[in-house]
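First comes the structure, then the notes that go with it.
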Amino acid sequence: MNIPSELKYTKDHEWIKIEDNIATVGITDFAQGELGDIVYVDVDTLDDTVDEGEVFGSVEAVKTVSDLFMPLTGEVVEFNETLEDEPELVNTDPYNKGWMIKIDISDSSQIENLLDAEAYKEIIAG
Amino acid sequence: MKNIALHKVHENLGAKMVPFAGYNMPVSYEGVTAEHLTVRNGVGVFDVSHMGEFLVSGDNALALIQKVTSNDASKLAIGDAQYSCFPNTENGIVDDLICYRIKENTYLLVVNASNIEKDWNWISKYNEEFGAELRDLSEEYSLLAIQGPKAVEAMQSLSSLDLAAIPFYKFKVGDFAGIEHVIISATGYTGSGGFEIYCKNNEVEQIWKKVFEAGADFDIKPIGLAARDTLRLEMGYCLYGNDIDDKTSPIEAGLSWITKFTKDFVNAGFLAKQKEQKPTKRLVAFELNDRGIPRQGYDIVDGEGNIIGNVTSGTMSPSLSKGIGLGYVPTQFAKSGTEINIKVRKKAIPATIVKLPFYKN
């Protein structure tokens, strides 16, 4: 199981990379494995400001659909449009080419609520 | 939770095992899309040993089957298989099944794993009148479905029978993979051709092994239940519990072709009348015209946003790369070409009613 140590995580199996005030968000290697073949990433909140814990989109696998939750409050400033034609990048490269959105963070104090790699590892082990 | 005979074999192949109808079943191996395309373009093997098998024999075997099933089993010659259903008395369906005529007075009924007990009780109740001999072989028999356009060629070396000479929905009892008295049936749930192999649990490991040896040159692969579902949905085959159930009639479900009023059977009077007067709702097939994937339980809405029905099965079609589904709508919306909408979360996605199958060979 690939859980890069430099990233932050949520219990909803998302990863977050923070650079300056921008958070890049995707789903973890564990999550893509559980979902199976991903065929569609639907983000309908581009340019919206969405609260932490609210749904920003959904990820559809052949057999299931799963909501995507905001890890931090902020404006959804970018969607990875490559996923429109190549949603399978979420399976093959979840931490790089499979990124989903970028958030302009509203409240940087929320960052400390995110999990580190060790804490996330315990969640998926449990 | 019960295990099928090849449980360890599937685990060793890296299958994702999930509880299904009381059994731990392989749902996928390398991934549903790849498995789906293996069956469409090559050959793959499903272990569907959870399915139920009832043997019906004796002088009144046919009379019992005629009473409890909707299709006309008197048309079956030895070696014929027939798709059918058990109608209930509340205008719904107890289960769907395949009926095989094995010998003069011996029939095999193959039913859904999730309904084995319900079906057994239902048939037994009617059998009080007929006194046929009933045996539940579900725990003793395994079932492998070897499916795909290369199935015949890949499997021919395993049998002295001419596999290409078994027409669709006919079967032979003969040798296969070194085992005698195996049922080799030209049936399946995929629309890509191939066989279903019925054997005893203690024979299935040898058969599985030899099937993979014989199929190696054809890149044969194990296929899970997830791909079985996407394959059957591309053909528009009903799945019990989704598209048909205790409350849907075979007429509404588009199963008039297996509902034969040439004989008397359970609830025939109501069904004949419903067929004549046209049902008020129909099971239809639809394709999404925009991005999105329909799922079981989603609402079907009209142009004004009124709910007119619900999705009973839906998926992204791996062959067509678009959202497809089945669902019930009022009859006035059932004509092919009719525009409807599928409510995918907050969005109403335009869809068109189409003729089945979705996937054409």
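In what follows, chains are A, B, ... by sequence order, proteins preceding strands, each numbered from 1.
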Heavy-atom proximity to chain A below 4.5 Å, by part of [X]:
{"X": "B:Val27", "result": "neither"}
{"X": "B:Ala34", "result": "backbone"}
{"X": "B:Thr33", "result": "both"}
{"X": "B:Arg291", "result": "both"}

Considering all heavy atoms of both residues, which atom of [X] and which atom of [Y] are nearest to each other, and what is their separation?
{"X": "A:Ser58", "Y": "B:Arg345", "value": "OG-NH2, 2.7 Å"}
{"X": "A:Ala61", "Y": "B:Arg295", "value": "O-NH2, 2.7 Å"}
{"X": "A:Val62", "Y": "B:Thr315", "value": "O-OG1, 3.2 Å"}

Identify which part of A:Asn91 has an atom lying under 4.5 Å from any heavy atom of chain B, answering side chain, backbone, both or neither.
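No part of A:Asn91 comes within 4.5 Å of chain B.
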Exercise for the section: Would you mind checking which part of A:Glu88 comes under 4.5 Å of any heavy atom in chain B, side chain (CB onward), backbone (N, CA, C, O), both or neither? Expected result: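 When you check distances to chain B, no heavy atom of A:Glu88 falls under 4.5 Å.
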Is [X] atom [atom1] crowded by more than 12 heavy atoms from other residues, nucleotides or ligands, each under 6.0 Å away?
{"X": "B:Lys347", "atom1": "NZ", "answer": "yes"}
{"X": "B:Phe20", "atom1": "CZ", "answer": "no"}
{"X": "B:Lys360", "atom1": "NZ", "answer": "yes"}
{"X": "A:Asp20", "atom1": "CG", "answer": "no"}

Notebook entry, point to check: Taking side chain as C-beta onward, heavy atoms only, is B:Ile293 less than 4.5 Å from A:Val39?
Noted result: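 Of all side-chain heavy-atom pairs linking A:Val39 with B:Ile293, at least one is under 4.5 Å.
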Heavy atoms, side chains only, cut-off 4.5 Å: are B:Val344 and A:Glu60 in contact?
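B:Val344 vs A:Glu60: side chains touch.
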- Item | Inter-residue atom distance A:Asp42.CG - B:Lys346.NZ, 0.5 Å rounding |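 These two atoms lie 9.5 Å from each other.
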What's the spacing between B:His36 NE2 and A:Asp37 CG if we round to 0.5 Å?
->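 Nearest 0.5 Å value for the NE2-CG distance: 11.5 Å.
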